[in-house]
Amino acid sequence: MTIRRGALLIAAVAAASLLFACSSPDTDDRRATDGRTSRWDENAGAPEASAFMNVTAPKGATEVKGAVQINPQEDVYLLSFVTSEKNAEGVAADLRPEEPLKAKKVDFAPDGELFQHLGLAEPQTLKGARSTGACPPCMKDDRRRKVQWIDIYVQALKGDRARVYLKAF
């Protein structure tokens with residue numbers, strides 16, 4: 001009798017597992033993926049990335065672009081804009097980075113082609129771009145409670161202009 005109950009229990013668990021494995025995700029859920037791949041949220045852009053990071057492009061900023069990549073583990077939020085060099089440095093400082101902006105060796109893009117989705121070069125591949133990172137929870141930055149990390153890049157352009165690249169998760 002115990003063996004029979006055990007067999008019934010195993011069969012019930014197997015049937016339930018099969019049922020859940022074969023069910024499809026809710027198509028209205030923006031996070032619906034096959035669990036192994038990333039995809040771009042076509043309904044999210046600069047406003048959503050800006051809201052997540054609690055960063056506003058400075059008044060007069062141009063070429064404001066943003067995107068949200070939905071991932072199985074954590075989503076990636078991208079925001080970029082062109083502003084004055086002074087404003088770019090102010091945005092970076094307001095994020096409370098662990099170190100000041102500094103030039104680094106040009107590197108390949110380890111995260112793939114994120115900013116290329118916005119029609120931009122990957123910031124770590126740009127000669128002369130300065131970078132740093134910010135950990136809002138480490139700095140007790142309550143303005144950015146949902147954000148675990150922000151990569152910050154500033155690329156100097158002509159005429160006291162700079163492109164800001166922000167990548168957060």
Query - Note, Ser131 side chain near Gln124 side chain (heavy atom, < 4.5 Å) - result: no

Query - Test log, rule side chain to side chain contact (heavy atoms under 4.5 Å, CB included), inputs Leu95 and Met139 - result: CA-CA 10 Å; Leu95 293 169; Met139 301 306 292; over 6 Å; no

Report summary line: Scanning both residues in full, the closest heavy-atom pair of Arg145 with Asp142 reads CG-O, 3.2 Å

Report task. For Ile152 and Arg130, run side chain to side chain contact (heavy atoms under 4.5 Å, CB included): C-alpha distance rounded to whole Å, both residues' side-chain angles, the deciding distance at 0.1 Å, then the answer. Result -> CA-CA 8 Å; Ile152 307 160; Arg130 296 176 294 148; over 6 Å; no

Query raised in the report: Any side-chain heavy atom of Phe81 within less than 4.5 Å of one from Lys65?
Result: no

Requested in this report: Look at the aromatic rings of Trp40 and His117 and report parallel, tilted or perpendicular, splitting at 30° and 60°.
Outcome: parallel

**Report entry** Contact summary for Ala134 and Pro97, nearest pair of heavy atoms
**Finding:** CB-CA, 3.9 Å

Query raised in the report: Hey, what do you get for CD1 (Ile70) to CD (Glu42), rounding to the nearest 0.5 Å?
Result: 10.0 Å

Requested in this report: Inspect the contact between Lys104 and Glu99 and indicate whether a charged nitrogen and a carboxylate oxygen are less than 4.0 angstrom apart.
Outcome: no

Requested in this report: List in chain and number order the residues that pass side chain to side chain donor-acceptor pair (under 3.5 Å) with Thr56, two or more places apart in sequence or in another chain; answer none if no residue qualifies.
Outcome: none

**Report entry** Step-by-step side chain to side chain contact (heavy atoms under 4.5 Å, CB included) determination, Val164 to Thr83
**Finding:** CA-CA 8 Å; Val164 175; Thr83 187; 4.3 Å; yes

**Report entry** Asp151 CG to Thr132 OG1 distance, which is reported to the nearest 0.5 Å
**Finding:** 9.0 Å

**Report entry** Distance-only polar pair, side chains of Arg163 and Ser80, donor-acceptor under 3.5 Å
**Finding:** yes

**Report entry** Side-chain touch Leu79/Lys167, heavy atoms, less than 4.5 angstrom
**Finding:** no

Query raised in the report: So, do Val82 and Leu157 sit near enough that their side-chain heavy atoms are less than 4.5 Å apart?
Result: yes

Query raised in the report: Once you round to the nearest 0.5 Å, how far does OH of Tyr153 lie from OG1 of Thr125?
Result: 9.5 Å

Report task. Would you indicate whether the side-chain heavy atoms of Arg96 and Arg143 approach each other to under 4.5 Å? Result -> yes

Query raised in the report: Which pair of heavy atoms, one from Pro137 and one from Gln148, lies closest together, and at what distance?
Result: CD-O, 3.8 Å

Requested in this report: To the nearest 0.5 angstrom, please state how far the CD atom of Gln155 sits from the NZ atom of Lys127.
Outcome: 13.0 Å

**Report entry** Transitive ILVMFWY cluster of Trp149, excluding itself - 4.5 Å side-chain cut-off
**Finding:** Phe169

Query raised in the report: What are the two closest non-hydrogen atoms of Asp75 and Asn71, and how far apart are they?
Result: OD1-N, 3.1 Å

**Report entry** Nearest non-hydrogen partners of Glu48 and Asn43, listed with the distance
**Finding:** OE2-O, 3.9 Å

Query - Ion pair Lys146/Glu74, N-O distance below 4.0 Å - result: no

Query raised in the report: Out of curiosity, does Leu118 fall in the hydrophobic cluster containing Leu126 (side-chain heavy atoms, cut-off under 4.5 Å, transitive links)?
Result: yes

Query - Closest approach of Leu114 to Glu122 (non-hydrogen atoms, all atoms of both residues) - result: N-OE2, 3.1 Å

Query raised in the report: So, do Val55 and Asp94 sit near enough that their side-chain heavy atoms are less than 4.5 Å apart?
Result: no

Query raised in the report: Side-chain contact, heavy-atom cut-off 4.5 Å: Cys135 with Glu98?
Result: yes

Query - Tyr77 and Phe52 aromatic ring geometry - parallel, tilted or perpendicular at 30°/60° bounds - result: parallel

